[in-house]
Amino acid sequence: MSTVPERRIVISGAHVATVNAAGAEHPGGTVVVEDHQIVSVGPGPAPRFDDGVPTEHVDGRGHLLTPGLVNTHHHFYQWLTRGRAQEKDLFGWLTELYPLWSRLDEELEYAAARASIAALLTSGCSTAADHHYVFPAGAGDLIGAAVRAAGELGLRFQAARGSMDLGRSRGGLPPDFAVEDTDTALAATERAIDAHHDPEPAAMVRVSVAPCSPFTVTPELLTGAAALARRRGVRLHTHGAETREETEFCREHFGQTPAEFLDGHGWLGDDVWLAHCVHLDPAAIERIGATGTGVAHCPSSNARLGAGIAPVPELVAAGTPVGLGVDGTSSNETGQLGTEIRQALLVARARRGPAALTARQGLYAATMGGARCLGRDRELGSIEPGKLADLALWRIDGPLHSTIADPVAALALGALPPLTLLLVQGHPVVTNDRLTRADAEDIAQEAATAAHRLADRAGPS
Ligand SMILES: [Zn+2]
């Protein structure tokens, strides 16, 4: 027996890119949403309904309809420190920014999260992971602040509770005042799972366990974090193989590549996704693929820091689920996810030629690839009956797109199209490029105030 839905949304006339296993597309297709789920997808006009369920019709003509985009890597707090360390590589950039970040508190994190989420939603992103790894003593509930911001603005959220316990005095990169002790970090991570993780298929919030990187954590933290995640049935996330300097650090300290080091501590597997994976040898690519480890590809951030270009075609060929990530906005000031599709195509082609990554492979990475990284491919990432109603409706008949021959190329190669509608869990959270639940100007003001306060706390640099 099926229950009667409370409401229905019918989107018709759009070019529907389903991103299902067959890659089906329906020019002038129709998608029907009831409550929080997609109930039908197909070619042709909208079916007639006379069952009394309140039904909203959305005219999708001149639009591309895609699954809501999935962001696999971010650091919301970095919204407050954008435009700094502009010519630095990763280690120089981190070293310049750690002192600022160590003054973060709950109130500033909330302002940063709201601004980061606003940029994500208005660029078509319906689900995002946020990797937060700076927990100054006395800063308050930083994970709770991000969860609250996501809930208020309507983003589906995966809070990756990060950690660092390897300060400079013990051979790590971060200053000692920016790290936690191992047991404190693990206990706080478990508390975040208790407080926020929802294992249900329609969950709006999940929590992952996410020590920061090989050069900021001890082997004890890595091992303990993996055990915690597997005991609690949550996913594992960390940075890996981002820069040449990281590879040198791992060789010097552990006599291993970053991939070997992670592998040796239980950090490759189909419940793990790694950010970056730029510097991999062929053995690492094969091992990452064979273990089903996901990769969050962050092309803009990697380019901004001069880190290099991840071997995405090779990773995909090896069987790796590859998603896209904005990364923190101190190394990718746009904060937009929609534009990362184009960026991924361009860097892959600059490296490997014009067929290295197609428009549809880019869209797949931004949707299903991301959903697979986050362990949510059964309920997100494609437009199919039974999946959650996270949908992005892009206008492609306007001045910047009307002559682009292929609707998917309009998104993947053209300018970021206007976003007519973003549904998350069946709710409109963006209409005509505007947030429905908050004022972007207010968010911008609050974030600017927070950024000034953070800078003032740090004093003159
Ligand atoms: Zn990152």
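Ligands are counted one by one from 1 in listed order, and the atoms in each one are counted from 1 as well. No experiment lies behind these values; they were computed from the predicted model shown. Count residues from 1 along the sequence.
- Applying the side chain to side chain donor-acceptor pair (under 3.5 Å) test between His75 and each of Asp130, Thr329, Asp327 identifies Asp327 as the sole match.
- When side chains are defined from C-beta on, Thr243 does not count as touching Leu305, because their heavy atoms never get closer than 4.5 Å.
- In the displayed structure, Arg232 atom CZ is contacted under 6.0 Å by more than 12 heavy atoms of other residues, nucleotides or ligands.
- By the 4.0 Å N-to-carboxylate-O rule, Arg114 lies close enough to Glu446 to be salt-bridged with it.
- Applying the side-chain contact (heavy atoms from CB on, under 4.5 Å) test to Glu379 and every residue at least two apart in sequence or in another chain returns Arg206, Arg376, Leu388.
- For the Zn ion (ligand 1), protein N, O or S atoms closer than 2.8 Å were enumerated as His73 NE2, His75 NE2, His239 NE2, Asp327 OD1, with waters left out.
- Using the six-membered ring where Trp is involved, His276 and His239 have ring planes that are parallel, under 30° apart on the 30 and 60° scheme.
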